[in-house]
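So the structure is just underneath, and the comments pick up after that.
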Amino acid sequence: MNPLAELRAAVEAAATALRGDRAAPSAAVTLQRPKLEAHGDYATNAALLLAPVLGEQPRAIAERVGEELAERLGDQLQSTQVAGPGFLNLVLADPWYRAAVAHVLAAGRRFGGGEVGAPERILVEFVSANPTGPLTAASGRHAAYGDALLRILRFAGHEVHSEYYVNDYGSQVLRLGESIRARARGEQVPNDGYQGEYVRELAMSIDGAAEAEPAELAVAGVALMRARIERSLEAFGVHFDSWFSERSLHEGERPTAVQRAEAELEAGGHLYRSDEASWLRATTFGDDKDRVLRRADGQPTYLASDVAYHEHKRARSFTRLIDIWGSDHHGYVRRMQAAWQALGGDADELEIVIMQYVHLIEGGERAGMSKRRGDFITLDELVAEIGSDAARYFMVQRSHDTEMDLDLDLARSQSADNPVYYVQYAHARIASILEKAGAGRVGAAVEDSERHGRSVADNGRDTGPSLEPSERTLIRTLLAFPAEVAEAVERRAPHRIAAYALELAQRFTAFYRDCRVVGAEPPAVETFRLALSVATQQVLAQALGLLGVSAPTAM
RNA sequence: GCCCCCGUAGCUCAGCUGGAUAGAGCGGCGGCCUUCUAAGCCGCGGGUCGCAGGUUCGAGUCCUGCCGGGGGCACCA
């Protein structure tokens, strides 16, 4: 149990002791890091919540919560103070802080992770951009978000599988084939075709493109684009466990996957025929209207593919599916959810996350993003210009449900101002300090800290040098990591980790400013600070790793 | 018309699902390198949290209604 969880448990125990067998308060007590130093190291609203239950003044209750806590925490607690309407501010003693550092070091790379109660098997499907062109920079946001999310889910203890759904079937793909042939013949690309320069390259790299059928060219072109997309993603640090072909749902042995899914819906009584077409009773499951699954001409709609695809996902026995879609698909969410339930899926098992747009700004104007017109900035170009780390950090530092602007001119000229470098710099700086101290002293410091942690646990005795304010602040920030991870998981919000990493780097830099590490006197101070530096480096590296950003040891 | 997201500092955005005097980065102004990395540090300036009500000890956060921006409402994908 981490020190913060223990502290919270003590606060809750104190509250429970005061409450006796009376009803529990409506909300859980908070244990927060106050914004102002004057408000202590941690503050709890326990008394404010107990007031209605006990029918007494909050401040008087806070007083008693403080007494209960003092009894429970002994010399771990330095002081308490009742403040404001009835907050109880806590100041922890140095031994508590030293034990906390020991805990972080002992937990090692597991610190903050593996805390989920019930591990799940999760399939995360993301990016899934049409293979009719290269990945755009906008797709980079999907890639950065989805990859960070799955890293965080894994770290938290879930089993996660990542998948890219390849839309290699249907009219868009055929248009690509037609466009390739037109280019190969030196003809004008059709109006509804793909105008990009890459189509010309595709035409050149496919033998006999001028004479081939568009359908064949579509297959060949998609294969080439898919490979290129995979390369772009790998260069961006994003790896997919599997690539799922939409076409495979329509081909192969009869009945096809699409046909089987239709039969299943039919058997469940979720289909009906009208105007020659086959309809899904989506309204049964909360959609605005019923949806066509198979057109009057016998052709399946895109929904039919998606139904079959999700049936396939279901058969793979995940406990949860997370689909990450662009905001332009949000109108599609309800029908997918309806189809999912019609297939017999549990509504809670399918989660659809909607990503808002990232607008690329160039020359003060929004850059185009039309794949059709070939007017777009590719992910490859973005990575080449500002680097994978800067691009990824930029993409995940904001909440996925808010639109954001990326000014390319700014990103190019001032990429060094990207906060990611500040975080990496802190990490590299620690590496430099540790190198200066030497592996021997660092190793001894870590050992000493862990031994210290054990001896405090055994006999409750602690005799060490007193800590500076910036050391205490840094340690509190380290201890916040597990809760930040939990929050990021719960809310599918990797940007929380980006914000956390920045804060941790700031706290370390303040510590660095105030506290000499190598050569600090007496030696016990140096030992403690080395241990604290190691702990910080470890958590910084972990946080960056969760974002898919490198943690350099030198810059 | 209906549905979803957003509106917080000059700009880009956080704000821990209701807590105390609302923050960060960038930009602006002024300082700081004989000392573990100046990709850094310190200081200053900058806000009717879109507007109006409501809920309560307490609202940027929750509810209602407006206003503004973006997106979506296919037998396209």
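Proteins get letters first, then strands, A, B, ... in listed order; numbering begins at 1 in each. Everything numeric in this text was worked out from a predicted model, so none of it was measured.
If you check distances only, the side chain of Asn89(A) does reach the base of A20(B) with a donor-acceptor pair under 3.5 Å.
Rounded to an integer number of Å, the gap from CG of Leu293(A) to P of A77(B) is 12 Å. Here A20(B) presents its C1' atom at 10 Å from CG of Leu48(A), a figure rounded to the nearest Å. The OH atom of Tyr393(A) sits 11 Å away from the P atom of C26(B) (whole-angstrom rounding). Distance, Tyr421(A) OH to G25(B) C1': 15 Å, rounded to whole Å. Leu31(A) has its CG atom 12 Å from the P atom of U17(B), to the nearest Å. One atom, CG of Leu49(A), and another, C1' of U56(B), lie 13 Å apart when rounded to the nearest Å. Remark: P of G19(B) and CG of Leu36(A) are 15 Å apart, rounded to the nearest angstrom. Atom CG in Asp306(A) sits roughly 16 Å away from atom C1' in C75(B) (whole-Å rounding).
Nucleotides of RNA chain B nearest to Tyr357(A) and Glu490(A) differ in position, and the one nearer the 5' end is that of Glu490(A). Between Gly170(A) and Pro34(A), the one whose closest nucleotide on RNA chain B sits nearer the 5' end is Pro34(A).
Look at Gln506(A) and you won't find any side-chain N or O under 4.0 angstrom from OP1 or OP2 of G40(B). Put simply, Lys35(A) has no side-chain N or O that comes within less than 4.0 Å of OP1 or OP2 on G15(B).
With distances taken from any side-chain atom of Gln356(A) to the nucleotides C5(B), C75(B), G71(B), the minimum falls on C5(B). Taking every side-chain heavy atom of Gln32(A) into account, A20(B) is the closest of C26(B), A20(B), C41(B). Of all nucleotides listed (C75(B), A20(B), G40(B)), C75(B) comes nearest to the side chain of Trp279(A). Here the side chain of Arg491(A) is nearest to one of C75(B), G15(B), A77(B), namely G15(B). If you check A20(B), G71(B), A14(B) against the side chain of His39(A), the one that comes closest is A20(B).
Among the heavy atoms of the strands lying under 4.0 Å from Asn130(A) are primed sugar atoms or P, OP1, OP2 only; no base atom is included. Nucleic acid contact class of Glu276(A) (heavy atoms, under 4.0 Å, all strands): none. Using a 4.0 Å heavy-atom cutoff across all strands shown, Tyr332(A) reaches at least one base atom of the nucleic acid. Within 4.0 Å of Ala27(A), counting heavy atoms only, lies no atom of the nucleic acid at all. Pro419(A) comes within 4.0 angstrom of sugar-phosphate atoms only, judged by non-hydrogen atoms across all strands, and of no base. Base engagement by Ala83(A) is indicated by at least one non-hydrogen atom pair under 4.0 Å involving a base atom. Using a 4.0 Å heavy-atom criterion, one finds that Ser399(A) contacts the sugar-phosphate atoms exclusively. Within the 4.0 angstrom heavy-atom criterion, no nucleotide atom of any strand lies near Leu406(A).
Between the side chains of Ser305(A) and His250(A), at least one donor-acceptor pair of N or O atoms lies under 3.5 Å. Using modelled atom types, one finds no donor on one side chain facing an acceptor on the other under 3.5 Å when comparing Gln356(A) with His400(A). Under the 3.5 Å distance criterion, with hydrogens and angles disregarded, no donor-acceptor pair is assigned to the side chains of Asn167(A) and Gln172(A). Donor-acceptor pairing under 3.5 Å is lacking for the side chains of Ser248(A) and Glu251(A).
The salt bridge (Lys or Arg N to Asp or Glu O under 4.0 Å) check on Arg429(A) picks up nothing, with sequence neighbours excluded.
Evaluation of Phe87(A) against the base of A20(B) yields a stacking contact (centre distance < 5.5 Å, interplanar angle < 30°). Under the stacking definition used here (centres under 5.5 Å, planes under 30°), the residue His495(A) fails to qualify as stacked on the base of A14(B).
Under the 30°/60° scheme for interplanar angles, the aromatic rings of Tyr165(A) and Phe244(A) are found to be tilted.
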Pairs under 3.5 Å (N/O, protein and nucleotides 6-12 of chain B):
unit_1, atom_1, unit_2, atom_2, d
U12(B), O2, Arg398(A), NH2, 3.0

Please produce a list of atom pairs where a protein N or O lies less than 3.5 Å from an N or O of nucleotides 35-37 of chain B.
unit_1, atom_1, unit_2, atom_2, d
U35(B), O2', Arg516(A), NH1, 3.1
C36(B), O4', Arg516(A), NH2, 3.3
C36(B), O2, Val518(A), N, 2.9
C36(B), N3, Val517(A), N, 3.0
C36(B), N4, Tyr512(A), O, 2.9
C36(B), N4, Cys515(A), O, 2.8
U37(B), OP1, Ser432(A), OG, 2.2
U37(B), OP2, Ser432(A), OG, 3.0
U37(B), O2', Tyr425(A), OH, 2.3
U37(B), O2', Arg429(A), NE, 3.1
U37(B), O2', Arg429(A), NH2, 3.1
U37(B), O2, Tyr425(A), OH, 3.2
U37(B), O4, Ala428(A), O, 3.4
U37(B), O4, Met555(A), N, 3.2

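Here the options are Val127(A), Thr136(A), Val358(A), the test is side-chain contact (heavy atoms from CB on, under 4.5 Å), and the partner is Arg141(A); only Val358(A) passes. Tested against Arg294(A) for a side chain to side chain donor-acceptor pair (under 3.5 Å), the candidates Glu262(A), Gln299(A), Gln259(A) yield a single pass: Glu262(A).
The number of heavy-atom neighbours closer than 6.0 Å to CD of Gln57(A), taken from other residues, nucleotides and ligands shown, is 12 or below. In the displayed structure, Gln32(A) atom CD is contacted under 6.0 Å by more than 12 heavy atoms of other residues, nucleotides or ligands.
Using a 4.0 Å cut-off between charged side-chain N and carboxylate O, Arg516(A) and Glu521(A) make no salt bridge. Salt bridge status for Asp323(A) with Lys313(A): present, with a side-chain N to carboxylate O gap under 4.0 Å.
Nucleotides G23(B) and A14(B) place their C1' atoms 7 Å apart, quoted to the nearest Å. G19(B) and A77(B) have their C1' atoms separated by 47 Å, with the value rounded to a whole Å. Distance noted for atom C1' between G31(B) and U48(B): 34 Å (whole Å). Distance check on atom P: G50(B) versus G7(B) gives 7 Å, rounded to whole Å.
The line from OG of Ser550(A) to NE2 of His427(A) is 9.5 Å long, rounded to the nearest 0.5 Å.
C63(B) has its base anti relative to the sugar, with a glycosidic angle deviating from 0 by more than 90°. Taking the O4'-C1'-N9-C4 or O4'-C1'-N1-C2 dihedral as appropriate, U8(B) has a value more than 90° from 0 and is therefore anti.
Of the nucleotides present, C32(B) is the one that pairs with G40(B) by Watson-Crick or G-U wobble criteria, both distances under 3.5 Å. Remark: G27(B) base-pairs with no nucleotide; criterion is Watson-Crick or G-U wobble with both hydrogen-bond distances under 3.5 Å.
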